[in-house]
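Per chain, numbering begins at 1; letters A, B, ... match sequence-line order.
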Protein chains: 2
Amino acid sequence: MDKRIQEAVELFQQVLIYGTERVLRSVEDPLWKEYSPEQMQVLNIIAKEGAMTAGRIAMLQGVHKSAVSNRLKKLKDKELLHVLQSDDKREKLLDLTEKGRVAAKHSNEVLHGYIEKLLINQVDDQEIEQFLMTFRKLKEILKTNGE
Amino acid sequence: MDKRIQEAVELFQQVLIYGTERVLRSVEDPLWKEYSPEQMQVLNIIAKEGAMTAGRIAMLQGVHKSAVSNRLKKLKDKELLHVLQSDDKREKLLDLTEKGRVAAKHSNEVLHGYIEKLLINQVDDQEIEQFLMTFRKLKEILKTNGE
DNA sequence: CCAAAATAGTTTACCCCCTAAACCAATACA
DNA sequence: TGTATTGGTTTAGGGGGTAAACTATTTTGG
């Protein structure tokens with residue numbers, strides 16, 4: 001038991017903490033070079049949930065509001081987002097432009113394709129089941145922690 | 001099958017790409033604040049494999065040599081590393097100072113403890129086995145990819 | 001044997017990410 | 001209505017990264 005926890009901790013560290021970015025950096029696609037992963041995440045979040053405030057985006061991304069403010073400025077400059085005024089004049093609702101919608105869709109396809117290739121070539125039918133269970137669990141753990 | 005791959009891809013994306021950094025950012029420890037994860041990784045690598053060149057570190061971290069050069073400068077400033085001359089006078093061997101050795105050990109304990117708590121509280125005995133298998137596999141996938 | 005090519009590192013310019021703190025504007029509320 | 005709170009922006013400062021230019025030192029090959 002102890003030994004397994006030990007191995008789990010090491011794997012967690014190697015794979016999650018240091019392994020992921022490597023992969024991210026090796027995705028090659030013009031769009032993926034042009035917009036950062038965090039920027040794409042904003043587009044994807046809005047694509048799924050619809051227009052929302054900067055504050056909510058910050059909460060969902062788990063970062064300081066100033067980080068998001070900065071990010072949103074870039075996305076607006078790139079014309080991927082536009083602002084809708086809400087009743088409360090302090091807050092601004094961010095929504096995708098058509099260009100933003102297209103970018104989100106495309107980037108998703110690229111990333112999906114990339115990961116899919118990674119998995120499908122090297123993971124057999126049995127393993128995929130384990131993979132799913134582990135990751136569902138992980139998602140929970142990370143979520144309850146992050147909140 | 002298709003549907004499972006689909007879910008796997010999505011989980012991979014959410015957990016690996018966006019979930020990890022959140023966790024990293026929520027580790028709280030003076031040392032962990034003082035030195036970045038990448039800096040700690042350098043210390044850990046050298047702690048494990050012994051003195052090595054900047055080029056090899058860059059290779060192991062999977063980044064451009066200029067990124068490493070910069071990082072090493074910071075670590076030398078903080079007196080965690082020192083330089084040994086090698087026969088080939090172009091290259092420099094980086095080795096841990098005593099302070100570096102202590103920092104590596106401590107940071108590892110902190111991170112270990114953190115991850116362990118994360119896992120041990122929420123993962124039962126059965127799940128840990130799946131976790132291990134999945135992660136061993138993932139490590140392979142990421143490695144073959146990154147090389 | 002020596003000049004040209006390759007290799008190891010550093011620097012510089014430029015980008016993105018993040019936090020904290022100061023600062024506006026608008027809304028809440030006592 | 002005057003003060004507190006809330007949503008966002010800005011600024012300062014510190015990480016991360018790449019690419020390209022530049023040194024210094026080895027290798028190579030004619």
- Item | Set of residues satisfying salt bridge (charged side-chain N to carboxylate O under 4.0 Å, His left out) with respect to A/D88, sequence neighbours excluded | A/R90
- Item | Partners passing salt bridge (charged side-chain N to carboxylate O under 4.0 Å, His left out) against A/E129 (at least two apart in sequence or in another chain) |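 By the salt bridge (charged side-chain N to carboxylate O under 4.0 Å, His left out) rule, A/E129 matches B/R4.
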- Residues clustered with B/L93, ILVMFWY side-chain links under 4.5 angstrom: B/L84
- Query: Which residues, if any, of residues 67-82 of chain A bring a heavy atom under 4.0 Å of DNA chain C?
  - Reply: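 Hits under 4.0 Å, by residue number: A/A67, A/R71, A/K74.
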- Message: Contact list please: residues 43-55 of chain B against DNA chain C, heavy atoms, distance less than 4.0 Å, in numerical order.
- Response: B/T53, B/A54, B/G55
- Tested for side chain to side chain contact (heavy atoms under 4.5 Å, CB included) against B/L81, the lone hit among B/I46, B/D95, B/T97 is B/I46
[atom1] of [X] versus [atom2] of [N]: gap in Å, rounded?
{"X": "A/I57", "N": "C/dC18", "atom1": "CD1", "atom2": "P", "result": "13 Å"}
{"X": "B/Q41", "N": "D/dG15", "atom1": "CD", "atom2": "P", "result": "17 Å"}
{"X": "A/Q39", "N": "D/dG16", "atom1": "CD", "atom2": "P", "result": "20 Å"}
{"X": "B/Y35", "N": "D/dG14", "atom1": "OH", "atom2": "P", "result": "16 Å"}
{"X": "A/K33", "N": "C/dC16", "atom1": "NZ", "atom2": "P", "result": "14 Å"}

- With a 4.0 Å cut-off, would you call A/R56 and A/E49 a salt bridge?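 Result for this pair is yes, salt bridge flagged.
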- Query: Can we say A/K105 and A/E109 salt-bridge, meaning some charged N sits less than 4.0 Å from an Asp/Glu carboxylate O?
  - Reply: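 Salt bridge flag = yes for A/E109 with A/K105.
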- Message: Using a distance-only criterion (donor-acceptor N/O pair, under 3.5 Å, no hydrogens), is the base of D/dG8 paired with the side chain of A/K65?
- Response: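 Answer yes: a donor N or O sits under 3.5 Å from an acceptor.
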- Which ones in residues 83-91 of chain B lie close to DNA chain D, meaning a heavy atom under 4.0 Å from one of its atoms?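 Only B/D87, B/D88, B/K89, B/R90 qualify.
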- Task: Could you check whether B/S66 gets within reach of a base, just the sugar-phosphate, or nothing at all, counting any heavy atom under 4.0 Å?
- Result: base
- Closest to the B/H64 side chain, choosing from D/dG15, C/dA21, D/dT18: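 Per side-chain heavy atoms of B/H64, the pick is D/dT18.
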